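One-based numbering along the sequence shown. Computed from a prediction, not measured in an experiment: that's the story for all the values here. Counting convention: from 1, in listed order, for ligands and their atoms alike.
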Amino acid sequence: MAKPLIQVIGSLHLDFVTTTPRCPSAGETLQATRFDIGAGGKGANQAAACGRAAFVTKDEQDVRVEMVGAVGKGDPYYASLLQSALHKSGVDTTNVREVEGTTTGSATIIVDEGAGGENRILFVPGAGFKGMDDAKEVLGRSSKTPNVVVLQGEIPRDTVLSVVEHYNASEQTQVVFNPAPVWPQGIPSKTLKGLGALIVNETECLLLTKSMASEDSEMVAVEKEDDLTEEVLRQIGKTFHEQLSISTVIVTLGSKGVFYSQSSGSAGRIPAQKVEQVVDTTAAGDTFVGYFTAMLARSVAQGMNIKDFDVAAACKEANAASAKCVARAGAMQSIPFGYE
Ligand code: RIB
(Lines give C-alpha, C1' and ligand atoms only; values in the text may rest on other atoms or scores of the structure.)
Protein backbone atom coordinates (compact mmCIF):
# COMPACT_ATOMS: atom_id res chain seq x y z
CA MET A 1 0.00 0.00 0.00
CA ALA A 2 1.27 3.52 -0.86
CA LYS A 3 2.35 5.57 2.11
CA PRO A 4 0.05 8.49 2.99
CA LEU A 5 1.02 11.83 1.46
CA ILE A 6 0.96 15.17 3.29
CA GLN A 7 1.45 18.40 1.38
CA VAL A 8 2.39 21.49 3.38
CA ILE A 9 1.78 24.77 1.53
CA GLY A 10 3.41 27.72 3.27
CA SER A 11 6.35 29.83 4.35
CA LEU A 12 10.07 29.10 4.55
CA HIS A 13 12.06 31.57 6.65
CA LEU A 14 15.55 32.21 7.85
CA ASP A 15 15.19 32.84 11.56
CA PHE A 16 17.45 35.44 13.20
CA VAL A 17 17.16 34.65 16.87
CA THR A 18 18.36 36.76 19.77
CA THR A 19 18.07 35.29 23.24
CA THR A 20 17.84 37.87 26.01
CA PRO A 21 17.35 37.91 29.80
CA ARG A 22 14.46 40.35 29.21
CA CYS A 23 12.99 42.47 26.38
CA PRO A 24 14.38 46.01 26.16
CA SER A 25 12.03 48.94 26.65
CA ALA A 26 11.57 51.56 23.90
CA GLY A 27 14.83 53.53 23.51
CA GLU A 28 16.81 51.11 25.68
CA THR A 29 19.95 49.19 24.60
CA LEU A 30 20.47 45.90 26.35
CA GLN A 31 23.19 43.25 26.20
CA ALA A 32 21.63 39.96 25.07
CA THR A 33 22.82 36.41 25.71
CA ARG A 34 23.24 34.92 22.23
CA PHE A 35 22.43 35.17 18.53
CA ASP A 36 21.67 32.28 16.15
CA ILE A 37 20.57 31.86 12.55
CA GLY A 38 18.28 28.90 11.96
CA ALA A 39 15.77 27.28 9.63
CA GLY A 40 12.16 28.31 10.20
CA GLY A 41 8.88 29.57 8.82
CA LYS A 42 5.61 28.07 10.02
CA GLY A 43 5.15 26.19 6.75
CA ALA A 44 8.64 24.70 6.71
CA ASN A 45 8.53 23.92 10.45
CA GLN A 46 5.21 22.11 10.06
CA ALA A 47 6.54 20.16 7.07
CA ALA A 48 9.62 19.20 9.11
CA ALA A 49 7.39 18.19 12.03
CA CYS A 50 5.25 15.95 9.77
CA GLY A 51 8.41 14.45 8.26
CA ARG A 52 10.11 13.90 11.62
CA ALA A 53 6.95 12.45 13.17
CA ALA A 54 6.94 9.91 10.33
CA PHE A 55 10.40 8.55 11.28
CA VAL A 56 9.12 5.59 13.26
CA THR A 57 12.68 4.25 13.30
CA LYS A 58 15.94 6.03 12.38
CA ASP A 59 15.69 4.85 8.77
CA GLU A 60 12.01 4.27 8.12
CA GLN A 61 9.41 6.92 7.39
CA ASP A 62 5.77 5.80 7.23
CA VAL A 63 4.33 9.04 5.73
CA ARG A 64 5.54 11.04 2.70
CA VAL A 65 5.76 14.82 3.04
CA GLU A 66 5.99 17.46 0.31
CA MET A 67 6.73 21.16 0.87
CA VAL A 68 5.19 23.72 -1.50
CA GLY A 69 6.66 27.19 -1.04
CA ALA A 70 9.06 29.79 -2.43
CA VAL A 71 12.53 31.18 -1.63
CA GLY A 72 14.83 33.79 -3.18
CA LYS A 73 16.71 32.53 -6.24
CA GLY A 74 20.29 31.46 -5.55
CA ASP A 75 20.02 32.09 -1.81
CA PRO A 76 23.00 30.21 -0.33
CA TYR A 77 21.18 29.95 3.02
CA TYR A 78 18.36 28.01 1.37
CA ALA A 79 20.64 25.27 0.09
CA SER A 80 22.89 25.12 3.13
CA LEU A 81 20.36 25.57 5.93
CA LEU A 82 16.66 25.39 5.04
CA GLN A 83 16.69 22.80 2.29
CA SER A 84 19.18 20.57 4.02
CA ALA A 85 17.19 20.69 7.28
CA LEU A 86 14.03 19.77 5.35
CA HIS A 87 15.80 16.90 3.60
CA LYS A 88 17.11 15.62 6.94
CA SER A 89 13.49 15.70 8.11
CA GLY A 90 12.44 13.56 5.14
CA VAL A 91 10.63 16.37 3.30
CA ASP A 92 10.55 16.54 -0.51
CA THR A 93 11.42 20.09 -1.65
CA THR A 94 10.86 19.65 -5.42
CA ASN A 95 7.94 22.10 -5.27
CA VAL A 96 9.79 24.90 -3.48
CA ARG A 97 10.19 27.53 -6.23
CA GLU A 98 13.26 29.74 -6.42
CA VAL A 99 12.03 33.23 -7.31
CA GLU A 100 14.09 35.89 -9.02
CA GLY A 101 14.24 39.50 -7.70
CA THR A 102 13.30 38.79 -4.10
CA THR A 103 14.81 37.30 -0.96
CA THR A 104 13.88 34.30 1.12
CA GLY A 105 11.43 35.20 3.89
CA SER A 106 12.97 36.00 7.25
CA ALA A 107 11.92 36.24 10.87
CA THR A 108 13.45 38.28 13.66
CA ILE A 109 12.80 36.41 16.88
CA ILE A 110 13.40 37.54 20.45
CA VAL A 111 13.46 34.73 22.97
CA ASP A 112 12.89 36.06 26.48
CA GLU A 113 14.71 33.84 29.00
CA GLY A 114 13.17 35.78 31.86
CA ALA A 115 9.68 34.88 30.64
CA GLY A 116 10.21 31.13 30.34
CA GLY A 117 11.49 31.14 26.75
CA GLU A 118 8.48 33.11 25.47
CA ASN A 119 9.06 34.61 22.02
CA ARG A 120 8.23 37.69 19.98
CA ILE A 121 8.35 37.31 16.19
CA LEU A 122 8.43 39.75 13.27
CA PHE A 123 8.46 38.20 9.81
CA VAL A 124 9.19 39.61 6.36
CA PRO A 125 7.62 37.28 3.78
CA GLY A 126 9.82 38.08 0.73
CA ALA A 127 9.54 35.18 -1.74
CA GLY A 128 6.82 33.70 0.47
CA PHE A 129 4.52 36.38 -0.95
CA LYS A 130 5.97 37.02 -4.39
CA GLY A 131 6.33 33.34 -5.29
CA MET A 132 3.04 32.21 -3.76
CA ASP A 133 0.55 34.79 -5.03
CA ASP A 134 -1.10 32.67 -7.73
CA ALA A 135 -3.33 29.98 -6.21
CA LYS A 136 -3.81 28.17 -9.53
CA GLU A 137 -0.07 27.93 -10.07
CA VAL A 138 0.47 26.77 -6.47
CA LEU A 139 -2.22 24.09 -6.87
CA GLY A 140 -0.75 22.96 -10.17
CA ARG A 141 2.80 22.43 -8.90
CA SER A 142 2.30 18.87 -7.73
CA SER A 143 0.54 16.21 -9.80
CA LYS A 144 -0.11 14.04 -6.74
CA THR A 145 -3.31 14.07 -4.68
CA PRO A 146 -2.39 14.47 -1.01
CA ASN A 147 -4.33 12.69 1.73
CA VAL A 148 -3.89 15.77 3.91
CA VAL A 149 -2.94 19.32 3.02
CA VAL A 150 -1.68 21.77 5.69
CA LEU A 151 -1.83 25.58 5.45
CA GLN A 152 -0.99 28.54 7.71
CA GLY A 153 -1.18 32.36 7.45
CA GLU A 154 2.30 33.45 6.34
CA ILE A 155 1.71 33.35 2.56
CA PRO A 156 -0.80 35.57 0.69
CA ARG A 157 -4.30 35.43 2.18
CA ASP A 158 -6.00 35.07 -1.21
CA THR A 159 -3.86 32.04 -2.06
CA VAL A 160 -4.60 30.36 1.26
CA LEU A 161 -8.35 31.00 1.00
CA SER A 162 -8.52 29.63 -2.57
CA VAL A 163 -6.44 26.55 -1.77
CA VAL A 164 -8.43 25.79 1.40
CA GLU A 165 -11.71 26.15 -0.51
CA HIS A 166 -10.40 23.98 -3.35
CA TYR A 167 -9.46 21.09 -1.05
CA ASN A 168 -12.52 21.49 1.21
CA ALA A 169 -14.59 20.72 -1.87
CA SER A 170 -12.62 17.55 -2.64
CA GLU A 171 -13.47 14.09 -1.35
CA GLN A 172 -9.91 12.75 -1.32
CA THR A 173 -8.05 15.41 0.66
CA GLN A 174 -8.53 16.62 4.23
CA VAL A 175 -7.40 20.13 5.13
CA VAL A 176 -5.59 20.98 8.36
CA PHE A 177 -5.69 24.77 8.70
CA ASN A 178 -3.59 26.65 11.24
CA PRO A 179 -4.42 30.34 10.63
CA ALA A 180 -1.27 31.64 12.28
CA PRO A 181 -1.01 34.54 12.25
CA VAL A 182 -4.71 35.40 11.82
CA TRP A 183 -5.06 38.12 9.16
CA PRO A 184 -6.60 41.42 10.35
CA GLN A 185 -9.37 40.94 7.76
CA GLY A 186 -10.28 37.58 9.36
CA ILE A 187 -11.36 34.49 7.45
CA PRO A 188 -14.70 34.25 5.62
CA SER A 189 -16.98 31.51 6.95
CA LYS A 190 -17.42 30.08 3.47
CA THR A 191 -13.69 29.27 3.35
CA LEU A 192 -13.87 27.26 6.57
CA LYS A 193 -16.90 25.24 5.49
CA GLY A 194 -16.09 21.53 5.40
CA LEU A 195 -12.61 21.89 6.93
CA GLY A 196 -11.01 18.72 8.32
CA ALA A 197 -9.23 20.32 11.27
CA LEU A 198 -8.88 23.88 12.53
CA ILE A 199 -5.94 24.35 14.90
CA VAL A 200 -5.53 27.71 16.69
CA ASN A 201 -3.90 29.06 19.84
CA GLU A 202 -5.82 31.22 22.32
CA THR A 203 -4.97 34.53 20.62
CA GLU A 204 -5.94 33.19 17.20
CA CYS A 205 -9.11 31.69 18.66
CA LEU A 206 -10.16 35.11 20.04
CA LEU A 207 -9.46 36.92 16.76
CA LEU A 208 -11.20 34.30 14.66
CA THR A 209 -14.31 34.06 16.82
CA LYS A 210 -14.52 37.86 17.02
CA SER A 211 -14.41 38.19 13.24
CA MET A 212 -16.98 35.41 12.89
CA ALA A 213 -19.26 36.92 15.53
CA SER A 214 -19.33 40.17 13.57
CA GLU A 215 -20.48 38.30 10.49
CA ASP A 216 -22.51 35.60 12.23
CA SER A 217 -24.57 36.10 15.39
CA GLU A 218 -24.38 32.48 16.64
CA MET A 219 -20.64 32.55 17.35
CA VAL A 220 -19.76 33.53 20.95
CA ALA A 221 -17.62 36.67 20.92
CA VAL A 222 -14.96 36.40 23.63
CA GLU A 223 -13.06 39.49 24.75
CA LYS A 224 -9.99 38.09 26.49
CA GLU A 225 -8.03 34.85 26.75
CA ASP A 226 -9.03 34.35 30.42
CA ASP A 227 -12.63 34.04 29.24
CA LEU A 228 -11.80 30.96 27.17
CA THR A 229 -13.08 28.55 29.81
CA GLU A 230 -13.73 24.93 28.90
CA GLU A 231 -17.46 25.66 28.73
CA VAL A 232 -16.90 28.56 26.30
CA LEU A 233 -14.48 26.46 24.22
CA ARG A 234 -17.08 23.69 24.00
CA GLN A 235 -19.60 26.25 22.75
CA ILE A 236 -17.13 27.58 20.17
CA GLY A 237 -16.35 24.05 18.97
CA LYS A 238 -20.06 23.23 18.67
CA THR A 239 -20.70 26.35 16.57
CA PHE A 240 -17.81 25.47 14.22
CA HIS A 241 -19.15 21.92 13.82
CA GLU A 242 -22.80 22.81 13.37
CA GLN A 243 -22.54 25.95 11.28
CA LEU A 244 -19.43 25.23 9.23
CA SER A 245 -19.22 21.41 9.24
CA ILE A 246 -15.65 21.51 10.58
CA SER A 247 -14.80 17.99 11.78
CA THR A 248 -12.17 18.82 14.41
CA VAL A 249 -11.47 22.02 16.34
CA ILE A 250 -8.33 22.28 18.45
CA VAL A 251 -7.28 25.19 20.65
CA THR A 252 -3.73 24.97 22.02
CA LEU A 253 -3.56 26.53 25.49
CA GLY A 254 0.21 26.66 26.17
CA SER A 255 1.03 25.40 29.66
CA LYS A 256 -2.68 24.61 30.20
CA GLY A 257 -2.61 21.94 27.49
CA VAL A 258 -4.95 21.50 24.55
CA PHE A 259 -8.70 21.67 24.08
CA TYR A 260 -10.26 19.51 21.36
CA SER A 261 -13.77 19.12 20.04
CA GLN A 262 -14.97 16.71 17.39
CA SER A 263 -18.16 16.82 15.37
CA SER A 264 -19.00 13.28 16.59
CA GLY A 265 -19.51 14.85 20.06
CA SER A 266 -16.31 14.09 21.94
CA ALA A 267 -14.59 17.07 23.50
CA GLY A 268 -12.22 17.77 26.37
CA ARG A 269 -8.96 19.20 27.61
CA ILE A 270 -5.69 17.32 27.58
CA PRO A 271 -3.17 18.67 30.10
CA ALA A 272 0.26 19.77 28.90
CA GLN A 273 3.22 17.49 29.57
CA LYS A 274 5.55 18.66 32.34
CA VAL A 275 8.78 20.17 31.03
CA GLU A 276 11.69 20.51 33.47
CA GLN A 277 13.12 23.63 31.84
CA VAL A 278 11.45 25.54 29.02
CA VAL A 279 14.26 26.94 26.87
CA ASP A 280 12.49 28.31 23.79
CA THR A 281 8.82 28.03 22.84
CA THR A 282 9.44 28.78 19.12
CA ALA A 283 7.91 26.12 16.81
CA ALA A 284 6.03 24.38 19.66
CA GLY A 285 2.74 25.09 17.83
CA ASP A 286 4.25 23.93 14.52
CA THR A 287 5.43 20.70 16.15
CA PHE A 288 1.92 20.12 17.45
CA VAL A 289 0.38 20.69 14.00
CA GLY A 290 2.91 18.38 12.30
CA TYR A 291 2.54 15.49 14.74
CA PHE A 292 -1.25 15.79 14.73
CA THR A 293 -1.28 15.82 10.91
CA ALA A 294 0.95 12.75 10.60
CA MET A 295 -1.50 10.79 12.81
CA LEU A 296 -4.45 12.06 10.78
CA ALA A 297 -2.79 11.18 7.44
CA ARG A 298 -2.11 7.61 8.61
CA SER A 299 -5.73 7.14 9.59
CA VAL A 300 -7.45 8.74 6.57
CA ALA A 301 -5.13 6.84 4.21
CA GLN A 302 -6.46 3.62 5.77
CA GLY A 303 -9.95 4.69 4.74
CA MET A 304 -11.06 5.87 8.18
CA ASN A 305 -13.63 8.67 8.23
CA ILE A 306 -12.17 11.81 9.84
CA LYS A 307 -15.21 11.89 12.15
CA ASP A 308 -13.99 8.62 13.74
CA PHE A 309 -10.39 9.77 14.08
CA ASP A 310 -9.03 9.44 17.63
CA VAL A 311 -8.38 13.16 18.18
CA ALA A 312 -7.57 12.76 21.88
CA ALA A 313 -4.81 10.22 21.15
CA ALA A 314 -3.38 12.45 18.38
CA CYS A 315 -3.40 15.47 20.73
CA LYS A 316 -1.56 13.48 23.42
CA GLU A 317 1.15 12.46 20.97
CA ALA A 318 1.41 15.99 19.55
CA ASN A 319 1.61 17.39 23.10
CA ALA A 320 4.48 15.08 23.95
CA ALA A 321 6.36 16.21 20.84
CA SER A 322 5.76 19.91 21.66
CA ALA A 323 7.07 19.32 25.19
CA LYS A 324 10.34 18.00 23.70
CA CYS A 325 10.47 20.97 21.31
CA VAL A 326 10.25 23.66 24.04
CA ALA A 327 13.08 22.05 26.00
CA ARG A 328 15.45 22.83 23.08
CA ALA A 329 16.59 26.06 21.41
CA GLY A 330 15.59 27.13 17.88
CA ALA A 331 12.68 26.51 15.53
CA MET A 332 13.03 23.63 13.03
CA GLN A 333 16.12 22.26 14.76
CA SER A 334 14.18 21.78 18.02
CA ILE A 335 11.48 19.51 16.53
CA PRO A 336 11.88 15.90 17.72
CA PHE A 337 11.91 12.81 15.49
CA GLY A 338 9.20 10.16 15.98
CA TYR A 339 11.68 7.53 17.23
CA GLU A 340 12.71 9.88 20.08
O1 RIB B 1 6.20 29.33 14.39
C2 RIB B 1 7.53 29.72 14.45
C3 RIB B 1 7.96 30.37 13.17
O4 RIB B 1 7.22 31.56 12.98
C5 RIB B 1 9.41 30.78 13.15
O6 RIB B 1 10.25 29.77 12.68
C7 RIB B 1 9.40 32.03 12.29
O8 RIB B 1 10.01 31.86 11.05
C9 RIB B 1 7.96 32.46 12.18
O10 RIB B 1 7.50 32.41 10.92
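One finds no salt bridge joining E66 and R141 here, because no Lys/Arg side-chain nitrogen approaches an Asp/Glu carboxylate oxygen to under 4.0 Å. Of the charged side-chain nitrogens involved, none lies within less than 4.0 Å of a carboxylate oxygen, so that E340 and K324 do not count as a salt-bridged pair.
If you look at K42 next to ligand 1, the close heavy atoms, those under 4.0 Å, come from the backbone and the side chain alike.
Under a 4.0 Å criterion applied to the non-hydrogen atoms of G40, ligand 1 contributes the atoms 6 (O), 8 (O). Proximity to A107 (heavy-atom distance under 4.0 Å) selects the following atoms of ligand 1: 7 (C), 8 (O). Remark: ligand 1 atoms within the under-4.0 Å shell around heavy atoms of A331 are 6 (O). In summary, the atoms of ligand 1 found under 4.0 Å from a heavy atom of N45, numbered by their order in the structure, are 2 (C), 3 (C), 5 (C), 6 (O).
In terms of protein heavy-atom proximity, atom 2 (C) of ligand 1 is closest to D286 OD2, 3.3 Å. Nearest to atom 10 (O) of ligand 1 among the protein's heavy atoms is E154 OE2, 2.6 Å. Counting only heavy atoms of the protein, atom 8 (O) of ligand 1 lies nearest to D15 OD1, 2.6 Å.
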Under 3.5 Å, which donor-acceptor pairs link side chains of residues 77-84 to any protein atom two or more places apart or in another chain?
unit_1: S80; atom_1: OG; unit_2: P76; atom_2: O; d: 2.9
unit_1: Q83; atom_1: NE2; unit_2: T93; atom_2: OG1; d: 3.2
unit_1: S84; atom_1: OG; unit_2: S80; atom_2: O; d: 2.9
unit_1: S84; atom_1: OG; unit_2: L81; atom_2: O; d: 3.4

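When the options I9, T159, L192, T191 are evaluated for a side chain to side chain contact (heavy atoms under 4.5 Å, CB included) with V164, the one that passes is T191. Only one option out of T293, D62, N147 pairs with R298 in a side-chain hydrogen bond (donor to acceptor under 3.5 Å, both in side chains); it is D62.
For the ligand labelled ligand 1, residue G41 lies inside the 4.0 Å heavy-atom shell.
Note: F292 and F309 meet the aromatic proximity criterion, with ring centroids under 6.0 Å apart.
Judged as a salt bridge (Lys or Arg N to Asp or Glu O under 4.0 Å), and not counting sequence neighbours, K193 has no contacts.
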